[in-house]
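What follows is a short report on a single structure.
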Amino acid sequence: MIAYIIRRLLYGVLILIGVNLFTFVLFFAVNTPDDMARLSIGGQRISQDAIEKWKVERGYDKPLFYNATAPGARKVTDTIFYQRSVPLLTLDFGLSDNGRDIGREINTRMWPSLSLALPTFILGLYVSIAFALMLVFFRATRLDFWGVVLCVVLLSISGLFYIIAGQWVFAKGLRLVPYSGYAGGLDMIKFLALPVLVAVISRLGPEARFYRTLFLEEISKDYVRTARAKGLTENVVLFRHVLRNAMLPILTGTVSAIPLLFMGSLIAESFFGIPGLGSYTIDAINAQDFSIVRAMVFLGSVLYIIGLILADISYTLADPRVRFE
């Protein structure tokens, strides 16, 4: 198992190098440093002297990959890629194009993202599995039929609709929660109640339908018929046998998503005014701040690789028959 984890980590390092290089090439294929300077300064009619000054202050006056005018090893090190992207491999995020410490921003904005993502993740998983088990318990009945119809309707509606409808009903109509914003302490509950509710409802349709399919596949297997022949009740069969044996595909999606909770929700944080990493990324994309964008892409890749490794480890805990050579 240890050898497998080490091998996966080495693969992960290669993937991170590729992601870092691809992000760098893709960004500069779309935007030149001159375009970034014009957007940052604010306008198209900017003097070339102002553009050059902006590039020198932020290190964008150097070549991208190879500096032919520099001596020795500086031909490689005195480049934009080496100075702005290579430090990411040591989790040194550096400064944004506006001069702010990206690492400090991540540490600050991580907690609002977690305060939204953790309740959404836990409640959403619990509600989806419970709803799916209820449909399986009452399978081939009207409740099961209309439950499936509800799932199809929910997954057919855009997530933006839930956000706008939730704000209109609960914030404007009933005045139970504010439209948007964020506060620390216990006050965060009133700001996070609506985003969490909207997120749980929006993910109920696709997840409950997926879990229902898993449980129906398990419930038709021989070990379930054997359990029933031994006199076990349907509740015991569902919760002790069917749910446990369906854990592997559930863990694939849930455990691997846990590290990504740090990244926040791009749409929800922007609409509800939550100062998390999701809104931070959206603002950086709108401002075309390359430093923040490549830092967030790299951080997301690191967390995703960690999540996949955690999912593989969790397989052995859920099913002792799973072994990695």
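Given the structure is predicted, the values throughout are model-derived calculations rather than measurements. We use all heavy atoms of the structure for the numbers below, so side chains are in, but hydrogens, waters and symmetry mates are not.
A salt bridge links Glu234 to Arg139: one of the charged nitrogens lies within less than 4.0 Å of a carboxylate oxygen.
The two residues Tyr182 and Pro112 have their closest heavy-atom pair at OH-CA, 3.7 Å. The heavy-atom pair separating Asn20 from Leu88 by the smallest distance is OD1-CD1, 3.8 Å. Closest of all the heavy-atom pairs between Ser113 and Gly276 is OG-CA, 3.2 Å. For the pair Ile282 and Ser270, the tightest heavy-atom approach, listed with the atom from each and the gap, is CG1-OG, 3.6 Å. The minimum heavy-atom distance linking Ser156 with Val152 is given by the pair OG-O, 2.6 Å. When every heavy atom of Gly278 is checked against every heavy atom of Glu269, the shortest pair comes out as N-OE1, 2.6 Å.
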Do Asp144 and Thr141 pass the side chain to side chain contact (heavy atoms under 4.5 Å, CB included) test, and can you show the C-alpha distance, the side-chain angles, and the key distance before you say yes or no?
-> CA-CA 5 Å; Asp144 180 31; Thr141 63; 4.0 Å; yes
For the pair Gln83 and Lys62, evaluate side chain to side chain contact (heavy atoms under 4.5 Å, CB included) and give the outcome as yes or no after the intermediate values.
-> CA-CA 10 Å; Gln83 296 183 0; Lys62 300 177 176 60; 3.6 Å; yes
Pair Tyr11-Ile305, side chain to side chain contact (heavy atoms under 4.5 Å, CB included): steps then yes or no | CA-CA 9 Å; Tyr11 291 156; Ile305 291 173; over 6 Å; no
Trace of the side chain to side chain contact (heavy atoms under 4.5 Å, CB included) decision for Arg74 with Thr77 = CA-CA 5 Å; Arg74 290 177 60 86; Thr77 59; 3.9 Å; yes
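Ile250 is listed as a side-chain neighbour of Leu214, based on a closest heavy-atom distance under 4.5 Å. Contact annotation: the side chain of Thr23 never approaches that of Phe298 to less than 4.5 Å [non-hydrogen atoms, C-beta and beyond]. Taking 4.5 Å as the limit, every side-chain heavy atom of Glu105 sits out of range of all side-chain heavy atoms of Phe93. Side-chain contact between Arg228 and Ile219: present, with at least one pair of heavy atoms (C-beta onward) separated by less than 4.5 Å. Put simply, the side chain of Phe210 does not reach to within 4.5 Å of the side chain of Thr213, judged on heavy atoms. Counting heavy atoms from C-beta on, the side chains of Thr281 and Ile292 never come closer than 4.5 Å. The closest side-chain heavy-atom distance from Met296 to Ile102 is not below 4.5 Å. The shortest side-chain heavy-atom distance between Ile106 and Leu277 falls under the 4.5 Å cut-off.
Crowding of Tyr223 atom OH: a count of heavy atoms from other residues, nucleotides or ligands under 6.0 Å exceeding 12. Annotation for Arg203: atom CZ counts as buried by contact number, over 12 foreign heavy atoms lying within 6.0 Å.
Residues that satisfy the salt bridge (charged side-chain N to carboxylate O under 4.0 Å, His left out) test with Glu52, not counting sequence neighbours, are Lys55. Applying the ring-ring contact (aromatic ring centres under 6.0 Å, His included) test to Tyr60 and every residue at least two apart in sequence or in another chain returns Trp54. Residues satisfying the salt bridge (charged side-chain N to carboxylate O under 4.0 Å, His left out) test with Asp49, not counting sequence neighbours, are none.
Checking side-chain atoms of Arg212 against main-chain N and O of Val148 turns up no donor-acceptor pair under 3.5 Å. Judged purely by atom type and a 3.5 angstrom limit, Tyr162 uses its side chain to pair as donor or acceptor with the backbone of Leu154. Without hydrogens or angle criteria, Thr79 side chain to Asn67 main chain gives no donor-acceptor distance under 3.5 Å. Within the 3.5 Å criterion, the main-chain N or O of Tyr82 finds no donor-acceptor partner in the side chain of Ser85.
Through side-chain heavy atoms spaced under 4.5 Å, either directly or across other Ile, Leu, Val, Met, Phe, Trp or Tyr residues, Leu26 is tied to Phe22.
Between Phe81 and Phe24, the two ring planes are perpendicular [angle over 60°; tilted spans 30° to 60°].
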Donor-acceptor pairs are to be reported for all side-chain atoms of residues 123-136 against protein atoms at under 3.5 Å, with residues two or more places apart or in another chain.
residue	atom	partner	partner atom	Å
Ser128	OG	Gly124	O	2.8
Ser128	OG	Glu207	OE1	3.3

Using atom types as modelled, flag every donor-acceptor pair under 3.5 Å from a side chain in residues 184-202 to any protein atom, sequence neighbours excluded.
residue	atom	partner	partner atom	Å
Ser202	OG	Val198	O	3.1
Ser202	OG	Ala199	O	2.9

